Structures are given as structure tokens and as C-alpha cells.
Amino acid sequence: MWRYLVGAGGAMLLVVAGLFLFRGSASTETRLPGAPAAAVTSETEQDLPAEPPSAAAKTREQKRFDRIDKDKNDTITKDEYFALRRKFFARLDTDHDGKLSFEEWSVKAVEKFAGADKDKSGTLNRTEFATTAVVRKPAKPRCACAPAKTVAAKPAQDSAEDSDD
């Protein structure tokens, strides 16, 4: 019982001390003079626009057009249009004869079949065929937010700090 009385007495002392500190600091408070009225603003501040300038957003088609238009003359020639396709064709045309054979065109599929055919029988059984499945990348999250931080480790640190006191 005496603990309750000591606790109540301590609380009363804290309240009284707070009142004395509050009243004492209010009477000795010095007031600062008010800010001077703004004089004449400079000419450069008056000329500034209300909103900062921003670049015009390009549409997806405008960006695609700019990628293909290599000489930046706002027209796409036949050579510019087919340049990327020629580049891909040249990669596939391994013997550089200007003709694309079936083997050149399907080189990845042929290599995949040969790699899956472990017994070199020219056929794929179910187990071998399962190894040819396309490995898909996991979809990226659309949120550009930073990943959430785990909070589980922090309380353990706080409890360790509390035990030191």
C-alpha cells in the first residue's frame, strides 16, 4: 500500500514542478521582432514563370520511329526500315551464301533436340522431351517501390539494449 502512496506523491511533485517550470518560462520569454516587409523583388524573380518547363512526352510510336530513323531526317527509307531484319538474317545465314536453309533457320531447335536426345536414338521419349520445356523468367513486379524491410530482427536488438540499462 505504501508503494501506491509514494507513487501518487511522486506524481503530484512532478505535476507541481511542471507548473512552476511552465509559468516561469512563459514570463521570461523574449519576443523577436517581426520580419521586415518585403522590399522590391528583383527583376529576375518577376520574370520567372509560375511553373517550371518540362519536356514533351514522346509516345511509344514516336520513340520507335526515332530508333529506326538512323539519319534523323524525319523520314524512314527502305534501307533503314529493313536494317534490323538484315542484321538478324545475317546472324542466321551461317554459311553467308545469302540463302537461309532450314538447318540455318532452325539451328536452335536442332541443337535443343540433339541435347535432349541423351541416348542418340533420333527420337525423344517422355523424360527426354520434358527437358525441352521452355524455362520462363518470373514476371517482374509492376511496383517500383523499394522492397519492404523486415522488422523481425529489430525488437531483438531493442531488448538487448534495454537489458544493458
Side-chain angles (χ1 to χ4, degrees), residues 14 18 22 25 29 31-165:
L14 286 174
F22 179 72
S25 65
E29 186 178 321
R31 298 196 177 243
L32 296 175
V40 178
T41 58
S42 67
E43 292 175 15
T44 57
E45 288 179 6
Q46 292 175 355
D47 296 339
L48 292 176
E51 204 172 295
S54 61
K58 287 185 174 182
T59 65
R60 188 178 199 146
E61 284 303 308
Q62 288 171 332
K63 289 177 185 177
R64 189 172 76 98
F65 185 93
D66 291 342
R67 275 195 308 269
I68 295 172
D69 185 20
K70 297 296 183 190
D71 57 3
K72 305 297 181 207
N73 63 352
D74 285 334
T75 57
I76 296 176
T77 63
K78 185 178 177 182
D79 291 334
E80 289 173 331
Y81 187 76
F82 291 111
L84 188 59
R85 287 185 167 64
R86 281 193 183 94
K87 184 177 170 183
F88 289 143
F89 182 86
R91 271 193 215 156
L92 293 175
D93 187 18
T94 54
D95 59 2
H96 306 292
D97 64 351
K99 297 177 185 175
L100 198 58
S101 67
F102 178 78
E103 288 74 21
E104 290 173 329
W105 176 74
S106 64
V107 68
K108 286 186 180 181
V110 171
E111 288 172 359
K112 187 180 253 188
F113 185 91
D117 188 16
K118 298 294 183 194
D119 60 358
K120 306 297 182 211
S121 63
T123 60
L124 297 179
N125 60 26
R126 289 186 182 274
T127 309
E128 292 172 336
F129 181 74
T131 63
T132 65
V134 176
V135 179
R136 303 204 186 275
K137 296 178 184 176
K140 292 183 181 180
R142 291 188 177 196
C143 179
C145 306
K149 295 181 181 178
T150 56
V151 186
K154 193 167 188 167
Q157 293 173 352
D158 289 342
S159 63
E161 291 173 2
D162 291 340
S163 63
D164 291 340
D165 290 337

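One-based numbering along the sequence shown. As the structure is a computational prediction, the values presented were derived from the model and not from experiment.
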Do [X] side-chain atoms and [Y] backbone N/O form a donor-acceptor pair below 3.5 Å?
| X | Y | value |
| --- | --- | --- |
| Asp93 | Gly98 | yes |
| Lys72 | Asp66 | yes |
| Asp69 | Ile76 | no |
| Ser106 | Ala109 | no |
| Lys112 | Thr132 | yes |
| Glu111 | Lys108 | no |

- Provide the closest heavy-atom pair for Glu104 versus Lys99 in the form atom of the first, atom of the second, distance. OE1-O, 2.9 Å
- Message: Using a 6.0 Å cut-off, check whether atom CZ of Arg86 has over 12 heavy atoms from anything other than its own residue.
- Response: yes
- Message: Take a 6.0 Å sphere around NZ of Lys120 and say whether it holds more than 12 heavy atoms from other residues, nucleotides or ligands.
- Response: yes
Rounded distance (nearest 0.5 Å) linking atom [atom1] of [X] with atom [atom2] of [Y]:
| X | Y | atom1 | atom2 | value |
| --- | --- | --- | --- | --- |
| Thr59 | Phe65 | OG1 | CZ | 11.0 Å |
| Glu80 | Arg67 | CD | CZ | 14.0 Å |
| Phe89 | Trp105 | CZ | CH2 | 13.0 Å |
| Tyr81 | Ile68 | OH | CD1 | 7.0 Å |
| Thr94 | Asp97 | OG1 | CG | 8.0 Å |

- Message: Walk me through whether Thr123 and Glu128 qualify under side chain to side chain contact (heavy atoms under 4.5 Å, CB included).
- Response: CA-CA 9 Å; Thr123 60; Glu128 292 172 336; 5.6 Å; no
- Task: Check whether the side chains of Thr77 and Asp79 place a donor and an acceptor atom closer than 3.5 Å, and report yes or no.
- Result: no
- Using the salt bridge (charged side-chain N to carboxylate O under 4.0 Å, His left out) rule, take Glu61 and Arg64 through it: C-alpha gap first, then chi angles, then the decisive distance, then the call. CA-CA 5 Å; Glu61 284 303 308; Arg64 189 172 76 98; 3.1 Å; yes
